Amino acid sequence: MSEKTEKTEPRLSVFKTYKLYVGGKFPRSESGRVYEVTDSKGNWLANAPRSSRKDARDAVVAARKAFGGWSGATAYNRGQVLYRVAEMLEGRREQFVREVADAEGLSKAKAGAVVDAAVDRWVWYAGWTDKITQVVGGANPVAGPYFNLSSPEPTGVVAVLAPQDSSFLGLVSVLAPVIATGNTAVVVASAKAPLPALSLGEVLATSDVPGGVVNILSGGTAELGAPLAAHQDVNAIDLAGADAELAKELEIAAADNLKRVLRPQPVDYSVTPGVDRMTAFLETKTVWHPTGALGASGSSY
C-alpha cells in the first residue's frame, strides 16, 4: 500500500503596509492617497502614503507638543536614547540592508556598508549630546565686574527635507544632529525611496524616543516642503533634499517668520561629519551676573 503524498498549498507572502510616523503613532495619510515605489530597475516594491498638507500640520503639532519634554531632558539622557536607536537598528540590520539595496540599486555588500555607517552615525551623535555645550559655549571675557556665560539651546521644531539619493545614511546624517541637540523634527523622506525612512519610524517607536520628537512623512518634497516652510510654528528648515529652484522658493517662504534655513550643499555622507549640522539649529543664550567689586587686591564678593 503506497503512502499518499500530502501536497501543500504555496504560501502567499504578507506584503508590508508602510505608514507614516506622526506623534508616536502610525497613521495613513489623511488624504487616503498612496503612490507606487519602485526599485532601481522599475520593479514595484510597495505603495507608500502620499502625505498631504494636513499631515504636515499634524506633524508640526506633534513636534511642538514633544519639544518641551525633549529639550528639557538631560543631554546624557538624550545620548542614551540615541544609542538605543543604534542598538535597535543593529538588530534589524538585514531588513534595512534589503530595503537600502532595493532603494538605491546597491549590491548587498554595499548596502550593508551603508547601513553599518548609518548605525555608527547614530552612535557618533549620541556621544556628542553632552559635549556640544562645552565646544560652542563658555565664559566670555568682558570689561567689568561680571560673569558672562554663553550656552547653546535648541531652536525648536525643525523641518528636514531628507536627501533624495541617500535614502538611509543621508537621512540619518541630517536627522540625528537635529534631535541630538534637543530639537524636534518633521522629516520629509526621499520621494523616490521613502521605504527605509518609514521603516526607521518603526525603530524609533521602540527605542525610547518620545512620541512626536521625530515625525516622518512620505510624498512629494515640494508639496510638503511648501507648508512646512511657511508654517509659523516651525523654527528652522533643512533643505538638504530640495533642488536649487525649490530651495529658493522655500527659503523665501521661510523668511516670513525668520526661520533658520540650512541651504542644500554637496555632502559626502560617508565621511564622518563635523558639528556644523548641530550648531545650525542651536541658539546661544548669554547670561550676565555681577561678580562684586574688583579691586587691585583681587575680587570682593
Side-chain angles (χ1 to χ4, degrees), residues 1-52 55 58-59 83-122 162-172 175 187-209 211 214-221 224:
M1 182 176 179
S2 62
E3 295 182 0
K4 293 183 179 180
T5 303
E6 184 178 347
K7 295 183 179 180
T8 58
E9 294 294 330
R11 181 178 178 275
L12 295 177
S13 300
V14 178
F15 289 107
K16 180 173 179 178
T17 302
Y18 287 88
K19 297 182 181 180
L20 309 177
Y21 182 56
V22 177
K25 299 179 181 179
F26 296 93
R28 292 179 171 86
S29 171
E30 65 83 29
S31 67
R33 299 177 303 167
V34 297
Y35 69 103
E36 290 189 356
V37 178
T38 59
D39 63 16
S40 59
K41 297 180 181 178
N43 299 314
W44 180 88
L45 293 174
N47 289 336
R50 185 180 292 278
S51 304
S52 67
D55 292 316
D58 290 345
Y83 188 83
R84 178 63 174 165
V85 175
E87 288 181 342
M88 298 299 289
L89 280 174
E90 190 80 17
R92 296 177 63 167
R93 181 179 183 277
E94 291 305 312
Q95 173 194 348
F96 282 94
V97 169
R98 182 178 66 254
E99 289 184 343
V100 170
D102 290 340
E104 302 180 21
L106 302 177
S107 66
K108 186 175 180 180
K110 290 183 178 179
V114 168
V115 173
D116 290 343
V119 174
D120 293 346
R121 191 62 43 85
W122 277 111
Q164 297 298 325
D165 297 323
S166 185
S167 64
F168 192 54
L169 178 55
L171 167 72
V172 170
L175 171 60
V187 181
V188 179
S190 166
K192 64 180 181 180
L195 303 189
L198 297 177
S199 290
L200 177 63
E202 299 171 5
V203 171
L204 297 174
T206 55
S207 301
D208 302 327
V209 179
V214 178
N215 305 275
I216 302 176
L217 307 174
S218 58
T221 302
L224 297 172

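Keep in mind that what you see is a predicted model, and the values were worked out from it rather than measured.
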Heavy-atom side-chain proximity of [X] to [Y] below 4.5 angstrom:
| X | Y | answer |
| --- | --- | --- |
| Leu175 | Leu200 | yes |
| Lys16 | Ser199 | yes |
| Phe26 | Leu198 | no |
| Phe96 | Val203 | yes |
| Ile216 | Leu204 | yes |
| Asn215 | Leu20 | no |
| Val14 | Arg11 | yes |
| Val115 | Glu94 | no |

Among Thr38, Thr221, Asp165, side-chain hydrogen bond (donor to acceptor under 3.5 Å, both in side chains) partner for Lys192: Asp165

For residues [X] and [Y], report the shortest heavy-atom separation together with the two atoms involved.
| X | Y | value |
| --- | --- | --- |
| Pro194 | Ser218 | CB-CB, 3.9 Å |
| Val97 | Ala111 | O-CB, 3.5 Å |
| Leu171 | Ala162 | CD1-CB, 3.8 Å |
| Pro196 | Glu99 | CA-OE1, 3.7 Å |
| Pro49 | Tyr35 | O-CE2, 3.7 Å |
| Ala86 | Trp122 | CB-CB, 3.9 Å |

Could you tell me which residues satisfy side chain to side chain donor-acceptor pair (under 3.5 Å) with Arg50, sequence neighbours excluded, listed by chain and number? none

Charged N to carboxylate O below 4.0 Å: is that the case for Arg84 and Glu87? yes

Name all pairs fulfilling the side-chain hydrogen bond (donor to acceptor under 3.5 Å, both in side chains) condition that reach into residues 21-30, sequence neighbours left out, sorted by first residue then second. Ser29-Ser31, Ser29-Asp55, Glu30-Ser52

Let me confirm one number: the CG-CZ distance from Leu45 to Arg98, rounded to the nearest 0.5 Å. 10.5 Å

With rounding to the nearest 0.5 angstrom, report the CG to CZ distance, Leu106 to Phe168. 13.0 Å

Can any side-chain N or O of Glu104 pair as donor or acceptor with the backbone N or O of Ser167 at less than 3.5 Å? yes

